Amino acid sequence: MLEGRQKQEKREGLPDLKNVQDKKIVLRFAPNPNGPLSFGHARGIVINGTYAKEHAGTLILRFDDTDTTVKPPTLSAYDLIPEEVEWLLGRPADRIVIASNRISQYYEHAEKMLNEGFGYVCKCSADAFRKFRESKTNCPCRDKSIEQNQEDWNKMLDGTYKPGDAVVRVKTDMTLKNPALRDWPALRMQDTEINPHPRPSIGSKYKVWPLLDFQSAVEDYLQGVTHIIRGKDLMDSTRKQTLLYEHFGWTYPETIYWGRVKVHEWGGFSTSKMRASIENGEYQGWDDPRLPTIQGLQTRGIQAEALRNFWVELGVTQKDISVPLASLFSHNTKIIDDDAPRLSFIRNPVEIQIKGDVPSHVNIPVHPNHEDQGVRRISFDQSSIFIEQDDSVETYRLKEFADLEENGVLGSVERTDKRPIIHWVSSTTSEESTLIIPDQEEMKFISGRIETNNYPIGTIVQLERIGYAILTAKGYLLMHE
RNA sequence: GCUCGUAUAGUGUAGUGGCCCAUCAUGAAGGACUCUCAUUCCUUCGACCCGGGUUCAAAUCCCGGUACGAGCACCA
């Protein structure tokens, strides 16, 4: 039993979760619904979703929409995001929680905090408090009586205080080593008259709003979240929230972190930056194939399964990583190749009259590895073909057809030499079309001729010797090689 | 500045004291198959940040350094 331990093998899939014994795990993915989901969000969905699936647990989709001023939510995102999650996972989230529906729960916990003396209403300005934080000294508001805190809390709720006048803080310890943890703010006021919440049912209803660390912590507890997988930029959040959990007597969930991911070809896109570029017309919309949004990837023919495999392969390390798009494309190719019918697209077409023994038609396989996909019938009523200009300088063999000699004379049908093989279309069985290349800088449109076919829009094909492309209303959008 | 974190081939990743002159994928190069510059298959290339220490034994533990990243918001 001890002998012959196996040669080291790479672990398959995601690392094991700690603390999973005898309980149903509950995970959550919590974006701010302030726009469509991006490539980076996909990681959160895929990793949380995969763990939930592996352990037959629950995946909660939670909208952390508690900021109406700095990062105000977008109404359409509430419908869009669940659809994007479902597309990516192939199943919907088990439960959707909207923070703005649950303000009263957060108030209850804020009041409990005040009543039990581990929270207080602080009337220092942000600036003034920063000085206390830096000098590790208590602010005067810290020692107020419970009654006085309750009174101030009510003045927050009824709007006697204005945004900036008062916040509720969690009492931690002003001498804590980590400055980020010192009496951190839990709830603040927002002017929802000027900046109403976009959801009509919420609108200007509340003046006091929880901040992420408080809202998220309380909600995780209320929903029974067992495992949190989040960016390592939120490590201090974990520490802040753990302090709050101790006050409440709760046990903090198991937490895993990941680092930042950059894609070589995409630098840094932020939601706000993308929004601006779309508004000024640089991009067609959120679904522009050049954009690192879920929608953009969909437009570009990236399969949900490829995205899942891609993220699982990257795993959940805390390293900041930078990955090439080729890695994602490689996953995508594996999924689409068997089902992608082959077609010829001729860029910069050069017409050649063919002479000699021209048949009425030839049949070419739809897919070289799958005979059952049938044949494409190419007709020669006009006795002419198109080849790419770049291919017109030497003697070649027309793929699946015959050798092409000087002056357009057809040569041997059998392959008799090693001359290079090129793709081509017949004039009869082809039509004008466009190859669309989504380059980072600009969309490139290359006109040419596509082999006639009746594939519906959305079909993923392989343009021989060019790459995989998806059929759109405007032509063939090149996905990747 | 204070606090926290991470460092394995070009890019990712496995590995928690001996199976490791280090796993797998991707990439690059070459080859086989193929009437595609595709797919599939094979081969090759290529890495434990640096310096100490602990130990019979360290990629794995400790200390120091360096690099990179993050937090210190009444944003998420």
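Everything quoted here is computed from the prediction, not taken from an experiment. In what follows, chains are A, B, ... by sequence order, proteins preceding strands, each numbered from 1.
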Notebook entry, point to check: Is the ring centre of Trp209(A) less than 6.0 Å from the ring centre of Tyr106(A)?
Noted result: no
Note to self: Are Tyr78(A) and Phe63(A), when compared by the centres of their aromatic rings, separated by less than 6.0 Å?
What the structure shows: yes
Span that lies between the [atom1] atom of [M] and that of [N], in whole angstrom:
N      : M      : atom1 : result
C63(B) : U54(B) : C1'   : 10 Å
G15(B) : U60(B) : P     : 15 Å
G53(B) : G12(B) : C1'   : 32 Å
G10(B) : G31(B) : P     : 24 Å
G30(B) : A22(B) : P     : 25 Å
G64(B) : A7(B)  : C1'   : 16 Å
U16(B) : C61(B) : P     : 11 Å
C48(B) : C56(B) : C1'   : 22 Å

Identify whether any heavy atom of [X] sits under 4.0 Å from a base atom; if not, whether one sits that close to sugar-phosphate; answer base, sugar-phosphate or nothing.
X         : answer
Pro324(A) : sugar-phosphate
Asn369(A) : base
Ile421(A) : sugar-phosphate
Thr333(A) : sugar-phosphate
Ser125(A) : base
Val323(A) : sugar-phosphate
Ser322(A) : sugar-phosphate
Glu313(A) : sugar-phosphate
Ile422(A) : nothing
Gly164(A) : base
Ser237(A) : nothing
Leu211(A) : sugar-phosphate
Lys177(A) : sugar-phosphate
Tyr468(A) : sugar-phosphate

Whole-Å gap separating [atom2] ([N]) and [atom1] ([X]):
X         : N      : atom1 : atom2 : value
Asp67(A)  : C75(B) : CG    : P     : 6 Å
Leu187(A) : A76(B) : CG    : P     : 11 Å
Ile321(A) : G10(B) : CD1   : P     : 16 Å
Arg239(A) : C72(B) : CZ    : C1'   : 12 Å
Arg43(A)  : G12(B) : CZ    : C1'   : 11 Å
Trp209(A) : C75(B) : CH2   : P     : 13 Å
Lys136(A) : G1(B)  : NZ    : C1'   : 12 Å
Gln318(A) : G12(B) : CD    : P     : 16 Å

Heavy-atom donor-acceptor pair, [X] side-chain to [N] base, under 3.5 Å:
X         : N      : result
Arg342(A) : A38(B) : yes
Gln462(A) : U36(B) : yes
Arg397(A) : C35(B) : yes
Lys10(A)  : C24(B) : yes

Margin query: Quick check on Arg142(A): does its CZ atom have over 12 non-hydrogen neighbours (other residues, nucleotides or ligands) under 6.0 Å away?
Written below: yes
Notebook entry, point to check: More than 12 foreign heavy atoms under 6.0 Å from CD of Glu54(A): is that the case here?
Noted result: yes
Once you apply the 3.5 Å cut-off to both distances, tell me the Watson-Crick or G-U wobble partner of [N], or none.
N      : result
G51(B) : C63(B)
C74(B) : none
C41(B) : G31(B)
C68(B) : G5(B)
U26(B) : G10(B)
A57(B) : none

Does the plane of the ring in [X] sit parallel, tilted or perpendicular to the ring in [Y]? Use 30° and 60° as the thresholds.
X         : Y         : value
His41(A)  : Phe29(A)  : perpendicular
Phe39(A)  : Trp311(A) : tilted
Phe380(A) : Trp424(A) : parallel
His331(A) : Phe310(A) : perpendicular

[N] phosphate, OP1 or OP2: any side-chain N/O from [X] under 4.0 angstrom?
X         : N      : value
Arg11(A)  : G15(B) : yes
Lys319(A) : U8(B)  : yes
Lys334(A) : U40(B) : no
Thr66(A)  : C75(B) : no
Thr317(A) : U13(B) : yes

Note to self: Could you check whether any side-chain heavy atom of Leu27(A) comes within less than 4.5 Å of a side-chain heavy atom of Ile60(A), counting everything from C-beta outward?
What the structure shows: no
Next item on the list: Show your working on salt bridge (charged side-chain N to carboxylate O under 4.0 Å, His left out) between Asp65(A) and Lys71(A) and close with a plain yes or no.
Entry: CA-CA 9 Å; Asp65(A) 57 345; Lys71(A) 289 181 180 169; over 6 Å; no
Checklist line | Selection from C4(B), A76(B), C72(B) that lies nearest to any side-chain heavy atom of Met235(A) | finding: C4(B)
Notebook entry, point to check: Which of the following nucleotides, U11(B), C37(B), C2(B), is nearest to the side chain of His264(A)?
Noted result: U11(B)
Notebook entry, point to check: Toward the 5' end of RNA chain B, which comes first, Arg182(A) or Val413(A), by nearest nucleotide?
Noted result: Arg182(A)
Next item on the list: Between Ala30(A) and Glu464(A), just flag the one whose closest nucleotide in RNA chain B comes earlier from the 5' side.
Entry: Glu464(A)
